[in-house]
Amino acid sequence: MEASGRPLVAILMGSDSDYPTMRETESMLTEFGIPYVTRISSAHRAPKKTTALIESLEAEGVEVFVIGAGLAAHLAGAAASVSTRPVIGVPMEGGSLRGLDALYSIVQMPSGVPVATMSIGKAGARNAAILAAEILALARPALRDRLRVFKDALERSVEEKDRELSSGQGRGAAERGEEKA
Ligand code: RP5
């Protein structure tokens, strides 16, 4: 699959202030070779533009929406109310409630309008890309192979950390200033 082909994933965010977090989604999609498009819209500040944008992205062939929003986050729910494609929501960290407001807003969808809600912040943004890849891989064996490679690498990284810890070279030892020469 070519990363530069027709976008299969649309990354939407409520504001440019969400971009430092949503770049994590972009990098993971790039790692999997999945073409994407990134846009800003706001369900609260620009509701008509938001609906039109989601409809046009769907008409252009986008298969999964990844949506980051903060505070009284409404963008993911708004997309899910318009689209029949899977919508994955990423709550932004920040504001007075440190992202709990966005988490509750995105996860507490009424019956009939599902949004797959990730964890708050950058981990959620990365996981959103992985979940999008897993959805797309249902019909794309080559992408399934890339996901297998990714999961195997993840497993190896844990083994490596365990080995480093046991040999006194791990991050914990380094933080305590006990690293062996
Ligand atoms: C939300 O309001 C956006 O998703 C953003 O997380 C938050 C704050 O937006 P700005 O005031 O930084 O534009 O709609």
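Atom NZ of residue K161 and atom OG of residue S157 lie 5.0 Å apart, to the nearest 0.5 angstrom. Taken to the nearest 0.5 Å, the CG atom of N127 stands 11.0 Å off from the CD atom of E24. With values rounded to the nearest 0.5 angstrom, Y19 atom OH is found 5.0 Å from T38 atom OG1. Atom CD1 in I120 sits 4.5 Å away from atom CG in L103 (nearest 0.5 Å). Here R126 contributes atom CZ and E31 contributes atom CD; the two are 10.5 Å apart, rounded to the nearest 0.5 Å. Separation of atoms OG (S105) and CG (D101) is listed at 6.0 Å; rounding is to 0.5 Å.
Among all heavy-atom pairs drawn from I106 and A69, the shortest one is CD1-O, 4.1 Å. Taking every heavy atom of both residues into account, M118 and P91 meet most closely at O-CD, 3.3 Å. Of all heavy-atom pairs spanning A43 and P47, the tightest one is O-CB, 3.5 Å. Residues P114 and A80 share a closest heavy-atom pair of O-CB, 3.6 Å. Closest of all the heavy-atom pairs between G5 and P35 is O-CB, 3.4 Å. G14 and S42 get closest at one heavy-atom pair: O-CB, 3.8 Å.
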(request) For side-chain contact (heavy atoms from CB on, under 4.5 Å), just list the numbers for E26 and R23, CA-CA rounded to whole Å, side-chain angles, deciding distance to a tenth of an Å, and then say yes or no. (result) CA-CA 5 Å; E26 291 188 332; R23 274 188 205 279; 4.1 Å; yes
(request) Would you sort out whether E58 and R85 count as a side-chain contact (heavy atoms from CB on, under 4.5 Å), showing the intermediate values? (result) CA-CA 8 Å; E58 186 166 324; R85 310 288 183 200; 3.6 Å; yes
(request) For salt bridge (Lys or Arg N to Asp or Glu O under 4.0 Å), just list the numbers for K151 and E134, CA-CA rounded to whole Å, side-chain angles, deciding distance to a tenth of an Å, and then say yes or no. (result) CA-CA 12 Å; K151 300 250 176 198; E134 288 172 348; 3.2 Å; yes
(message) I'd like to know whether E63 forms a salt bridge (Lys or Arg N to Asp or Glu O under 4.0 Å) with R140, so could you lay out the CA-CA distance, the side-chain angles of the two residues, the decisive distance to 0.1 Å, and finally the verdict.
(response) CA-CA 13 Å; E63 294 185 24; R140 293 174 176 87; 2.9 Å; yes
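Heavy atoms of other residues, nucleotides or ligands lying less than 6.0 angstrom from OH of Y104 number 12 at most. The environment of CD in E159 is crowded: more than 12 heavy-atom neighbours from other residues, nucleotides or ligands sit within 6.0 Å.
By the rule that hydrophobic residues join a cluster once side-chain heavy atoms approach within less than 4.5 Å of another member, L138 and I130 end up as members of separate clusters. L97 and M92 are not part of a single hydrophobic cluster, where members link through side-chain heavy atoms under 4.5 Å apart. No continuous path of ILVMFWY side-chain contacts below 4.5 Å connects F32 to V149, so the two sit in separate hydrophobic clusters. No single ILVMFWY cluster, assembled from side-chain heavy atoms under 4.5 Å apart, contains both V82 and M13. Linking Ile, Leu, Val, Met, Phe, Trp and Tyr whenever their side-chain heavy atoms come within less than 4.5 Å puts L53 and V62 in one cluster.
Counting heavy atoms from C-beta outward, Q169 and R163 have side chains that stay 4.5 Å or more apart. Taking the side chain as every heavy atom from C-beta outward, V66 and Y36 never approach each other to under 4.5 Å. Side chains of V115 and I67 form no contact here, defined as non-hydrogen atoms less than 4.5 Å apart. Side-chain contact between T50 and L75 is present, with at least one heavy-atom pair separated by less than 4.5 Å. A heavy-atom distance below 4.5 Å is found between the side chains of V90 and M22. With contacts defined as side-chain heavy-atom distances shorter than 4.5 Å, the pair S83/F65 qualifies. Residues L12 and I54 form a side-chain contact, since some pair of their non-hydrogen atoms from C-beta on lies under 4.5 Å apart. Side chains of K49 and R39 form a contact here, defined as non-hydrogen atoms less than 4.5 Å apart.
A donor-acceptor contact shorter than 3.5 Å links the side chain of D18 to the backbone of S15.
A donor-acceptor contact closer than 3.5 angstrom is absent between the side chains of T21 and E93.
Cation-pi geometry between R146 and F150 is not satisfied (NZ or CZ under 6.0 Å from the ring centre, within 45° of the ring normal).
For D152 and R148, the salt-bridge test passes: some basic side-chain N is under 4.0 Å from an acidic carboxylate O.
Put simply, the residue from L131, L143, L29 that forms a side chain to side chain contact (heavy atoms under 4.5 Å, CB included) with L136 is L143.
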